[in-house]
Visitor: 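Let me give you the structure first, and then I'll get to my questions.
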Amino acid sequence: QQALRNPAAHVDEAAIRANAATGREWPSYGLNHSENRFSPLRGVSAQNVDRLGLAWSHDLGSRRGVQATPVVVGGVMYVTASWSVVHAVDARTGAPLWTFDPEVPREHGEKGCCDVVNRGVAVHRGKVYVASYDGRLFALDAATGKPVWQKDTIADRSRPYTITGAPRVLAGNVVIGNGGAEYGVRGYLTAYDAETGEQRWRWFSVPGDPSKPPEDESMARAMRTWDPAGKWWEAGGGGTMWDTMAYDPELNLMYVGTGNGSPWNRNLRSPAGGDNLYLSSIVALDPRTGEYKWHYQETPGDHWDFTATQPMILADLTIDGRPRKVVLHAPKNGFFFVIDRTNGDFISARNFTEVNWATGFDPEGRPIENPAARNTDQPFEAIPTAYGARNWHPMSFNPQTGLVYMPVHGVPMTLTPDQGWRMNANLPGRLQSASGWNLGFLVNAVEPKAKPFGRLVAWDPVKQIEVWGQAYDSPWNGGTLTTAGDLVFQGTADGRFVAYHARDGRKLWETPVGSGAVAAPSTYEIDGEQYVSIAVGWGGVYGIVQRATERVSPGRVYTFKVGGTAAMPAAVQAERRPLVQGIAYDKADVEPGTGLYVANCAACHGVPGVNSGGNVPNLGYSTRETLENLPHLVLTGAFLGNGMPNFAGRLDEAQVKQIRAFILATADTARTAQAAGAPR
Ligand SMILES: O=C(O)c1cc(C(=O)O)c2c(n1)C(=O)C(=O)c1cc(C(=O)O)[nH]c1-2
Ligand SMILES: [Ca+2]
């Protein structure tokens, strides 16, 4: 039997560095070790982008969020879809080569906060690496998609760990973190030998049980910044590293962004206060050993789910006349940070959007906090919110324009003093009080004042100012790509793929795509022809419950080239149903049903009749048959294949009827509100 050519055989650290000069391939999540998503390709440019047409598209067979950046090496594209399924397709034609499905047990779906998404693969020396939602790391043969080795990365299976992020191969190790800080875990990063899968090191981002010896010096130091009275180790402490990493081979440093505290409320976690290292920080590690080198904490003593996991970029800039090697970072907390990446020194921070938790940063790099923001006796509408002024949607940096292009989100939300501040965080803003019920359990028991918005911001990191911006009606627009052809590409929440001029933000081209787009595009060249690709599939923490377009097609990769003539596939339109009614319910069931709904249903289904529904249906728009059958559907695992848990043993039939009463009553209220002109 003839050996298959392996498309990734040539990919290693040297190849990734060499590719940074040509941009012909897209060999890692953020294109290069700096993760700047700046392609030197000029085949598609501001001059000819208006002639961009579809070259091919490929159905990913996926109905939940698609967040992957397509990786392209050796003429093959590797892209992931929901439930961590990997697709290999011919990058020139879109012809499918293989798929790999890790068969994530659907019961695992509810263990994550934010949709069953995956941000993509790493490739190295003939292997493709993917981490599955349930925490396994796979090395696949790049030619066949067959597993070569696999590892269980989860240290404690009794905890709700998940993985959504793309692994990186750094200094010969595959490095992967995890998520789960909304529900109580201790974050860590693990490195495995890329060839053999043997574990090389593991670095925890927050200290464990103080009665046990700390794992290393960095944990001993971190321990002193937490108050043991909070018993944070019982909840886990958080600090999950679920997305960003970057690498500077010359400095032999890797960089990782850490997540929020678990629980969110510092008063519960560490009642005497403290910075709670290394939450919400950029941390530099030795990629060979995992040894801690330095950190810069962007939100000391995090209290608001202000993760620092948002994608960072390494850049070399001249600041105050001095060449500086920096990390550029715009995390959830609304400030744009410039940090010296050789030693972690703070250079500058400026808010890139409205912020009310701090008024700025002092010269030492400490935030000047608004004391009301830590008050847990009163509801507080933190701006930005837990959805983040930025989230995982990647930004890009164009050294020709000196600008960073970043999607900025505004999703209003009010933090309330009760348990909501711990974790009932997955409910979108503005929505709850409109339902007319006493939703005291919900995060937004108090209506937020802010309005939702989306914005593409072109930011000058040296001057720390916005140079241009594009406003969108909806939050949750996609990551960006920038090119030497003076372009910025972005998918939008309302289901378009758009090219802007990198210098002034003029819109140069757009096309509708099958649904809202959240992932970042990538670009590559084959036989002198430049292709631009985007994986589209609406989802993520906002996209589960809310959508901004009626186009709800399954996940699909679209690849464009100048003069492309392939036909755009027809989009699937959402079925518009009226609010459900006509089923009798007992009014006395509504109140207990509210609490049950919030605890069991709201994170994925949103608020009935108030949210539109995203990639998970809104139950206010259920059919009568669905609601009549609700006890059966909820208690037999009828939709387990979609990730809907089987609640048998957790809820009984009487409780499901109470939940149904809440859904029906809330739909009744929403119907009245809609009749009076409230938006659907
Ligand atoms: O604390 C965590 O462990 C964790 C994990 C994840 C994740 O893995 O996707 C998200 C978040 N937090 C989070 O705070 C957040 O806003 C978020 C949005 C998304 C998404 O995919 O849309 N994931 C996550
Ligand atoms: Ca989080």
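As the structure lists them, so they are numbered: ligands from 1, and atoms in each ligand from 1. Just so it is clear, the model here is predicted, and its values are computed rather than measured. Atoms considered below: every heavy atom in the structure, side chains included; atoms not considered: hydrogens, waters and symmetry mates.
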Visitor: Looking at Phe204 versus Tyr292, is the centre-to-centre ring distance below 6.0 Å?
Guide: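 No.
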Visitor: Evaluate the ring planes of Phe361 and Trp357, with Trp represented by its six-membered ring, and classify them as parallel (under 30°), tilted (30 to 60°) or perpendicular (over 60°).
Guide: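 Phe361 vs Trp357 ring planes: perpendicular.
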Visitor: Just jot down the ring-ring contact (aromatic ring centres under 6.0 Å, His included) partners of Tyr192, sequence neighbours excluded, or say none.
Guide: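 Listed in chain order: nothing, the list is empty.
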Visitor: Between Ser396 and Thr480, do the side chains contain a donor N or O and an acceptor N or O under 3.5 Å apart?
Guide: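 Distance-only check passes for Thr480 and Ser396.
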Visitor: Calculate, to the nearest 0.5 Å, the distance between atoms CZ and CG belonging to Arg266 and Asp227 respectively.
Guide: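 That separation rounds to 10.0 Å.
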Visitor: Can you name the residues that form a salt bridge (charged side-chain N to carboxylate O under 4.0 Å, His left out) with Glu215, not counting sequence neighbours?
Guide: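 Result, salt bridge (charged side-chain N to carboxylate O under 4.0 Å, His left out) vs Glu215: Arg186.
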Visitor: What protein N/O/S atoms are found closer than 3.0 Å to the Ca ion (ligand 2)?
Guide: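 Counting only protein N, O or S atoms under 3.0 Å from the Ca ion (ligand 2), the list reads Glu182 OE1, Glu182 OE2, Asn260 OD1, Asp305 OD1.
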Visitor: Parallel, tilted or perpendicular: which describes the rings of Trp476 and His409, with under 30° parallel and over 60° perpendicular?
Guide: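 Tilted.
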Visitor: Of the non-hydrogen atoms in Val283 and Tyr278, which two are nearest, and what is the gap between them?
Guide: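 For Val283 and Tyr278, the tightest heavy-atom pair comes out as CG2-CB, 4.2 Å.
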Visitor: Compile the protein residues with any heavy atom at a distance under 4.0 Å from an atom of ligand 1; present them by chain, then by number.
Guide: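 Residues within 4.0 Å of ligand 1: Gln67, Cys113, Cys114, Val117, Arg119, Thr164, Gly179, Gly180, Ala181, Glu182, Thr240, Trp242, Asn260, Asp305, Lys332, Ala386, Asn391, Trp392, Trp476, Gly540, Val541.
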Visitor: I'd like to know if Asp152 and Arg136 make a salt bridge, using a cut-off of under 4.0 Å between side-chain N and carboxylate O.
Guide: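 A salt bridge is absent here (no side-chain N lies under 4.0 Å from a carboxylate O).
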